[in-house]
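Here the structure comes first, spelled out in structure tokens, and everything after it is commentary.
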Amino acid sequence: MEVGELVRTALYDCHLDANAKMVNFHGFELPIWYTSIQEEHLACRSAAGMFDVSHMGFFSFKGNNVRQWIESISTQRVSSFVSGRCGYTHFLDHDGYIIDDMIFGVKSDDCVLGVPNASMVPIMWDWFNSLLPDDGSISIENLSDETSIIALQGPKSIEILALALGDKNKIGRFKCQNIESNQIDISGWIQGTGYTGESGVEIFVPNNKAALLWNLLIEVGNPLGLVPVGLGARDTLRLEKGYLLSGQDFLWPGLNLEGDSSLPNDFLFRDTAETNVPFGLDIEHNFIGRDRVIRSLESGKIKWHGLKCLERGPSPRLGHQIKRIDSDDSEIIGYVSSGGPSPSLNRTGIAMAYLSDVELGDEVWIQASSRRRIKAEVVVPPFV
Amino acid sequence: MSQVPSNLKYTAEHEWVRIEGNDAVIGITDFAQDALTDVVWVELPETGVSVSEMEACGSVESVKSVSEIYAPIAGEITEVNESLEDSPEQINEDPYGNGWIWRMTVSDASQLDDLMDAVAYSAQLGE
């Protein structure tokens, strides 16, 4: 990729055909929306939505003890995942800061497939390679460029999947398999994962088959309410479930990136315990960065919490200050990392924020603009 | 293609101004509402406040982003469209009518000459 040149996925023409508004997303030219964020969001919650997530990475890890090796560098107890199961994990650096999070699927006893975040593919590639055992027992392959990924999400998604690819490819939550024989002779990988909190799948296929699958899914899914969904609604859907977004809710210090200027410099440098995410952390095993996680668990001072606005007003957004009381002089107890109006909750403002010394149910104040503070309650996500 | 009524004046930031007697009525253009998509919240200025030319005095929020609204001219805010607090979608549905945002006095009529007419604004939009 040349600097400044946007990468187009294999589904680029499909997006244009669907009247997508395209934007630059981490160097990829992808749809932000097709009709509207609100409509696409609600369609995914009530029926089904389809996403081009081909910008995400796709790595294959192979070797006799591949799960044990991944476990030694990740927060998740990967060795407890049998073939056909998916999991979620963080990778921490030696100081305990999150580099990236990743969904993985165990293909067989000696093969694990992983989906690193788009902007982190080169970083994670280097990180994994730097940690490979000297004996050559583990190998990694980067399949990102040759693989297209279509996410099919929503309560009708599995029904649509069965219509398109047959009952043998109906797959449950956090299960995975090779794509079984089907009417369009497409091969690849399918897993019961996603970023919306709905039931659904992510389908990994060769680039030259991506449009065929996309068009088939639209054709059979459209009567059931399936619509293409852009990155805008992808973000509001994950926010309603309180899922972390790499680079937005945590940022690896090693990237030396300038964060949002409204946040303190190191505000997004976090470990897994601070993110408070209820899955993906097993402290019983040894892994890189564990010491900081243990310290954060013991102190429990700062955690990523949900905030639900108790009054109407401007929505919480990245960098907004959280105040203990309704006063300009109030102590600042944290900042919003992700926020916005919730399409499912009639546009009530919701946010995720790193907060110090708060308890569930506490009422706090979000400085939502220079002119307005909004009262909000500390809650546990998901919001819907 | 966006609607650009010929009887209005425009700013480069996509506000429109309609002169009604001695007052000016302010809103955002059809192009702006289309670019924002679903407006979910409008932060209105306070009545009685004096604002200067191009001062940020409110905001329009869509699901994805927030945009400041600037006063196209100096003056005093005399009335705000409070119905937008309950029905912000009026900005999408009728940006030049029910989606008006505030009414203000005109402190210096010469500032109106700095605004674009419909032809110039259309040219800026490239339409």
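Only this structure's heavy atoms are used, side chains among them; waters, hydrogens and symmetry mates stay out. Keep in mind that what you see is a predicted model, and the values were worked out from it rather than measured. In the text below, chain A, chain B and the rest are named by the order of the sequence lines, each starting its count at 1.
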Table up the donor-acceptor pairs between chain A and chain B that sit under 3.5 Å, atom names plus distance.
unit_1   : atom_1 : unit_2  : atom_2 : d
A/Ser36  : OG     : B/Asp38 : OD2    : 2.9
A/Asp235 : OD2    : B/Lys64 : NZ     : 3.1
A/Arg312 : NH1    : B/Glu85 : O      : 2.6
A/Arg312 : NH2    : B/Glu85 : O      : 3.4
A/Ser315 : N      : B/Glu61 : OE1    : 3.0
A/Ser315 : N      : B/Glu61 : OE2    : 3.3
A/Ser315 : OG     : B/Glu61 : OE2    : 2.5
A/Arg317 : NH1    : B/Val63 : O      : 3.2
A/Arg317 : NH1    : B/Lys64 : O      : 3.2
A/Arg317 : NH2    : B/Glu61 : OE2    : 2.8
A/Arg317 : NH2    : B/Ser62 : O      : 2.9
A/Arg317 : NH2    : B/Val63 : O      : 3.4
A/Ser369 : OG     : B/Glu43 : OE2    : 2.9
A/Arg371 : NE     : B/Glu43 : OE2    : 3.3
A/Arg371 : NH2    : B/Glu43 : OE1    : 3.3
A/Arg371 : NH2    : B/Glu68 : OE1    : 3.3

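Put simply, of A/Pro314, A/Gly349, A/Gly340, the one with the most heavy-atom pairs under 4.5 Å next to chain B is A/Pro314.
Of the atoms belonging to B/Pro88, it is side-chain heavy atoms, and not backbone ones, that fall under 4.5 Å from chain A.
Taking every heavy atom of both residues into account, B/Val63 and A/Pro341 meet most closely at O-CD, 3.5 Å.
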